[in-house]
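All remarks here apply to the structure that follows.
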Amino acid sequence: MKKEKKHKKPKSMAYRNAVTGYLFTLPFIIGFIMFLLVPMFQSLRMAFSDVVFQDGITYDFIGLDNFKYAFTVDPDFYPNMIAELIQMAYSVPSIIIFSFFIAIVLNQQFKGRGLVRAIFFLPVILSSGVLVGLETNNSLMAGLKDVIAETSNLTSITDTVKKMILPEGVTIGPIMYVFDAVDQVYDIAIASGIQIIIFLSGLQTISPSMFEAAKIEGATAWETFWKITFPMISSLILVNVIYSIIDFFLKTDNEVMDLIKQTMVSKVEYGLSSAMAWTYFAVVAVIIGVVSAIISKKVYYYE
Amino acid sequence: MKLLKKRKPNRSRAGDFAVYIVLALFGWFFVLPLIFAINASLKPLDEIFLFPPRLWVQKPTFDNFADLFVLMGKTWVPFSRYIFNTVFITVVGTLGHIWIASMAAYVLSKYRFPGSRAFFAIVVTALMFAPQVLNIPLYLVMTKLGWVDNVLAIIVPAFAMPMGLFLMKQFMEQIPDVLIEAAKVDGAKEARIYFQIIMPLVKPASLTLAIFSIIRLWNERASNFIYAEELKTLPYALQQIISGGSIARAGVGAAVSMFIMVFPLLFFIFAQSNVIETMASSGIKE
């Protein structure tokens, strides 16, 4: 031992941690910088320029003109963004509650569980560009929507219930929220696939011995849920909230995303389209920052 | 584990029934698009354009698939080439992604080193950026690297997908530090801890990442960076087949969506049963 110490000083814990840390993250960092950060900053440059495609690309710096145009002149950008934000405020909580509920049900023991789990993951496979992506196939998607409206007929059910419960013209905030959420049940269900999987894999990592202990101590199912299941999975609630918000904003059928794409593809306004994308990005980033700051205070980390 | 498998004594028959009702109701929503797609692919042309559209096929036929296979035989390069390209991109891209993302996620969740928090924050922020806008700048990067018309242009960026790192890190935070400390005390080096302790424990998470990555790469049309016909991918070739013809190809289109859906679906069913098994045997316990 003494001899070794003479040869070289043992490295400090922090130093060794840093070396391991950088070695393990290096491949990811390189890829991330090359294929995401560099293109992002190039598009930031486009946002402040008039981009002309002639003998290569020329950027003329025009300051904030693109941003001014997006907010003051473009008829769709600002209203669409507000509309999507309001829509998000409804969708995301509903998605979280729905997927949490389904994940708990799917974590129970019952016959045909594997099949049912597979079914609940279908929308992720179906909606992720397979059907939507084949753009020439749009008549098929349109047909699908009609069929869904016809078979599920949810709108009319909620309308009837609404009329039964509420007198005409009366609107009570929280109740309306429930009705609006139910109206969109199909959209919510379809958007919950990944969230269900995340919750489910989280539920499966909770050690059975905890439930065992709780049971021996005489806890009821209700207490077990709030004292064990819920805290143990709270970190995944944060994950899912962030995922759902991002997923909502970046979906291809989001109006703002569509506008950004149209500005780029049909109008060939790369500067304006980049400016819109960066504005949108800033808004989404602020929302996620605020939401995750609030939730992460409540998250329980098991040590 | 046995305890959980036993029927919970405090759940009544009515409770069981309620669970089935709820699952049947929502399951129907989830399975509806698939039923529609299957039926559409079996419909003869006159039924596809029927208005209002019907969910169930009246006179099922395999004509759409037969047409599809005939058209596949007429492509410039042998059709198997497109299939090979897509399979290659998907397999290499997914394995590389899981490896690189989980390695980074491991140190980010279990080590503190200068810049680690900042880096993770940047990754999460980058998740929110609209990817469509990056097409042109990304093309410029690929030109500089000389990767246009090279599968690397598709595979390598797939390695560093931020969503994978984010999910993986969150899963790894749930692994008790005690396990890693115990391994260190027993003399294991970082690489060994990563391969023999961490990776087996996060197998469900890796399969989740794999599903993500497979869906993305399997549907990759690669039309931005790949121009050589022999390097083009399956979705691209299939789309050419559909859009190449008149409206009469709508039936073939329905068959195409079935054709391309099958692989991710099979993988999910496989992964799903695997996740349950690993969880039952690994059982992270204190």
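Below, read A as the first sequence line, B as the second, and so on, with proteins coming before strands; counting in each chain starts at 1.
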Worksheet item: If you draw a 6.0 Å radius around NZ in B/K144, do more than 12 non-hydrogen atoms from other residues or ligands fall strictly inside?
Response: no
Worksheet entry | Over 12 foreign heavy atoms within 6.0 Å of CH2, B/W147 | yes
Please rank [options] by heavy-atom pairs under 4.5 Å with chain B and give me the top one.
options	answer
A/G31, A/S273, A/G21	A/G21
A/V239, A/V105, A/V284	A/V239
A/W278, A/F101, A/Y15, A/F41	A/W278
A/S292, A/G289, A/S43	A/S43

Proximal component of [X], with respect to chain B [non-hydrogen, under 4.5 Å]:
X	answer
A/I30	neither
A/I245	neither
A/A14	neither
A/L236	side chain
A/M34	both
A/F249	neither

Item to complete: Give the C-alpha distance, both sets of side-chain angles, the deciding distance and a yes or no for side-chain contact (heavy atoms from CB on, under 4.5 Å) between B/F113 and A/T25.
Response: CA-CA 11 Å; B/F113 54 96; A/T25 31; 4.1 Å; yes
Note, [X] side chain near [Y] side chain (heavy atom, < 4.5 Å):
X	Y	answer
A/I242	B/F166	yes
A/V38	B/P137	no
A/F35	B/L145	yes
A/F28	B/F119	yes
A/Q42	B/L140	yes

Answer with side chain, backbone, both or neither: which region of [X] has an atom nearer than 4.5 Å to a non-hydrogen atom of chain A?
X	value
B/Y139	neither
B/I214	neither
B/M161	backbone
B/V141	side chain

Discussion item. Using 0.5 Å steps for rounding, measure from the CD1 atom of B/I122 to the CG atom of A/L37.
Written reply: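 Taking CD1 in B/I122 and CG in A/L37, the distance rounds to 6.5 Å.
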Item to complete: To the nearest 0.5 Å, tell me how far B/M163 CE sits from A/I246 CD1.
Response: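 Taking CE in B/M163 and CD1 in A/I246, the distance rounds to 5.0 Å.
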Fill in: is_close_aromatic(B/Y111, A/F24), centroid dist under 6.0 Å
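No, the ring centres sit 6.0 Å or more apart.
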Practice prompt. Please report the C-alpha distance between B/V107 and A/Y22 in whole Å, then the side-chain angles of each, then the deciding distance to 0.1 Å, and finally whether the side-chain contact (heavy atoms from CB on, under 4.5 Å) criterion is met.
Written response: CA-CA 8 Å; B/V107 287; A/Y22 293 126; over 6 Å; no
Worksheet item: Minimum heavy-atom separation for B/A160 to A/F32, with atom names?
Response: CB-N, 3.6 Å
Discussion item. I need the residue from B/S116, B/P114, B/A24 with the largest number of non-hydrogen atom pairs under 4.5 Å to chain A.
Written reply: B/P114
